[in-house]
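First up is the structure itself, then whatever we jot down about it.
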Amino acid sequence: LSLTSGSNGSYSVPSSIAATVRIGRRFHDDMKMDGYLDEFRISNTARWTDDFDDALPTTAYADDSDTLLLIHSDWNGGLFGDGSGNNNDFTATNVAVTDQVLDSPSSGKNYATFNPLADGGQTKSEGNLKLATGNTTKSRILSTFQIPSSGKWYCEAYLDSDAGWAFGISKSLSDGFGNVGGLSGFYRTVNVSIYDIDGVNLTNGNSWPTGGVFQIAIDADSDKVWYGMANTWYGATADAFGSFDSGDHSEVITDISDYFICGSTINSKVLVANFGQDPTMAGYVSITPATSEFVYEPPTDFKSLSTEN
């Protein structure tokens with residue numbers, strides 16, 4: 001983007017642009033960009049003069065003598081702080097630290113999100129991590145990452161205290177929560193129960209508290225999955241809740257690497273997933289994270305669903 005005085009078609013660009021520069025919105029109307037911004041830089045020279053399709057940046061911009069303003073999405077000097085050293089800091093309005101997602105364009109550190117291309121009709125926000133769907137169809141949405149063919153994997157989600165959500169593992173976009181089959185994991189009605197992939201209630205009337213941070217741990221090599229809430233895990237053999245037990249999983253799902261992490265909400269209930277990029281769950285969780293990635297320390301050797309792993 002090069003800003004100069006003059007005109008372009010029927011729209012004039014004023015000589016003084018200080019009050020009219022808009023990023024993510026056209027200056028002549030209210031049409032806004034439907035997307036996310038990362039690495040915003042203003043320079044006093046042209047950075048590219050030719051097609052740059054083959055030279056797109058894969059790392060954060062670095063400050064140099066031609067940089068007038070540099071805003072990193074993960075700038076730790078303060079939200080919208082100027083990383084150029086010129087102190088041209090932005091003022092944050094209606095944007096919180098929890099709106100930052102530490103992800104792209106950091107090479108090898110791209111985390112899973114929910115996938116808008118594998119979505120049965122969920123209402124998404126917060127970088128495709130939050131679901132809050134107003135209808136009652138019980139549609140499903142799958143993660144961008146399929147469960148890998150080997151290794152141990154972990155994710156968690158904040159879930160509303162009211163009935164109307166499911167969080168687990170599926171490969172189907174068919175409507176329905178866990179009790180209809182095809183979605184293994186948590187299902188919140190009057191209580192929070194765990195259903196297996198065939199739609200059978202595993203917890204037999206036992207239930208967790210109705211809201212909070214829920215956990216999924218997957219061992220792809222053994223097709224085993226564990227379901228937990230606030231570090232209290234369900235073991236199917238013991239039919240009880242307790243500490244994580246590597247020998248007592250919640251369920252075995254044959255060919256689990258064919259599946260994805262799945263979410264579903266109705267009646268505007270809230271589900272916010274964390275695959276490692278935001279342990280605050282968009283500000284819904286206020287406890288101190290156990291790690292830089294998660295609210296709770298994953299079980300030993302379990303990792304985030306990210307390109308780094």
Side-chain angles (χ1 to χ4, degrees), residues 23-25 32-41 56-61 71-76 78-81 90 92-134 139-147 153-160 165-168 170 173 213-216 260-265 268-287 289 291-296 303-309:
I23 306 300
R25 172 186 166 186
K32 300 180 179 65
M33 181 186 74
D34 183 11
Y36 299 88
L37 294 175
D38 188 23
E39 294 300 303
F40 173 53
R41 178 176 64 181
L56 292 174
T58 58
T59 59
Y61 291 138
I71 304 294
H72 297 300
S73 64
D74 58 349
W75 171 239
N76 59 12
L79 188 61
F80 294 150
F90 281 16
T93 302
N94 297 325
V95 178
V97 172
T98 53
D99 290 317
Q100 293 177 300
V101 176
L102 308 186
D103 194 345
S104 176
S106 177
S107 178
K109 199 66 173 180
N110 292 303
Y111 295 97
T113 66
F114 286 123
N115 188 353
L117 300 181
D119 178 16
Q122 288 291 301
T123 300
K124 304 165 291 297
S125 60
E126 301 292 347
N128 292 330
L129 294 172
K130 178 182 176 181
L131 309 178
T133 305
S139 61
R140 302 174 186 174
I141 187 170
L142 306 181
S143 59
T144 52
F145 286 21
Q146 191 169 346
I147 295 171
W153 309 100
Y154 174 86
C155 65
E156 56 193 17
Y158 167 84
L159 294 161
D160 202 301
W165 51 257
F167 175 57
S170 183
L173 290 178
V213 177
F214 290 77
Q215 303 160 276
I216 298 175
F260 300 78
I261 302 300
C262 176
S264 181
T265 60
S268 300
K269 304 311 175 188
V270 172
L271 184 162
V272 186
N274 174 32
F275 296 94
Q277 63 269 76
D278 181 16
T280 74
M281 315 269 188
Y284 282 89
V285 177
S286 60
I287 66 174
T291 71
S292 61
E293 294 184 313
F294 294 107
V295 174
Y296 294 103
K303 301 178 179 180
S304 62
L305 281 169
S306 69
T307 53
E308 181 182 49
N309 296 326

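What you see is a predicted model; the values in this text were computed from it and never measured.
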Would you compute the distance between atom OH of Y158 and atom OG1 of T280 and round it to the nearest 0.5 angstrom? 12.5 Å
Do you know the tightest heavy-atom contact between N309 and W153? O-CH2, 3.3 Å
Give a yes or no answer on whether the side chain of S264 reaches the backbone of A166 with a donor-acceptor pair at less than 3.5 Å. no
Closest heavy-atom pair, L271 versus A157, reported as atoms and distance to 0.1 Å, is CD2-CB, 4.3 Å
Is a donor on one side and an acceptor on the other found under 3.5 Å between the side chain of T133 and the backbone of T123? yes
For the residue pair Q122 and F114, establish whether any side-chain heavy-atom pair is separated by less than 4.5 Å. no
Shortest non-hydrogen contact from L131 toward G263: CD1-C, 3.8 Å
Looking only at non-hydrogen atoms, find the nearest pair between D160 and K269 and report the distance. OD2-CA, 4.0 Å
Under 3.5 Å, side chain of T265 to main-chain N/O of V270, donor-acceptor pair present? no
Just do the side chain to side chain contact (heavy atoms under 4.5 Å, CB included) check on E156 and M281 with the steps written out, would you? CA-CA 9 Å; E156 56 193 17; M281 315 269 188; 3.5 Å; yes
Taking atom CG of L173 and atom CG of D119, what is their separation to the nearest 0.5 Å? 7.5 Å
For the CZ atom of F214 and the CG atom of L159, what is their distance to the nearest 0.5 Å? 5.5 Å
What is the minimum heavy-atom distance between E293 and S304, and which atoms define it? OE2-OG, 3.3 Å
Are V295 and P289 side-chain neighbours, meaning at least one heavy-atom pair lies under 4.5 Å? no
Test ring pair (Phe, Tyr, Trp, His ring centres under 6.0 Å) applied to F145 - qualifying residues, sequence neighbours left out: none
Run the side chain to side chain contact (heavy atoms under 4.5 Å, CB included) check on L129 and Q277 step by step: do they pass? CA-CA 10 Å; L129 294 172; Q277 63 269 76; 3.6 Å; yes
Nearest heavy-atom neighbours spanning F260 and S143: CD2-O, 3.3 Å
Any donor-acceptor pair under 3.5 Å from T144 side chain to T113 backbone: yes
K303 vs Y154, side chain to side chain contact (heavy atoms under 4.5 Å, CB included): CA-CA, chis, key distance, verdict: CA-CA 6 Å; K303 301 178 179 180; Y154 174 86; over 6 Å; no
How long is the gap from CZ on F167 to CD1 on I216, to the nearest 0.5 Å? 3.5 Å
Given K124 and I141, is the side chain to side chain contact (heavy atoms under 4.5 Å, CB included) satisfied, shown in steps? CA-CA 10 Å; K124 304 165 291 297; I141 187 170; 3.3 Å; yes
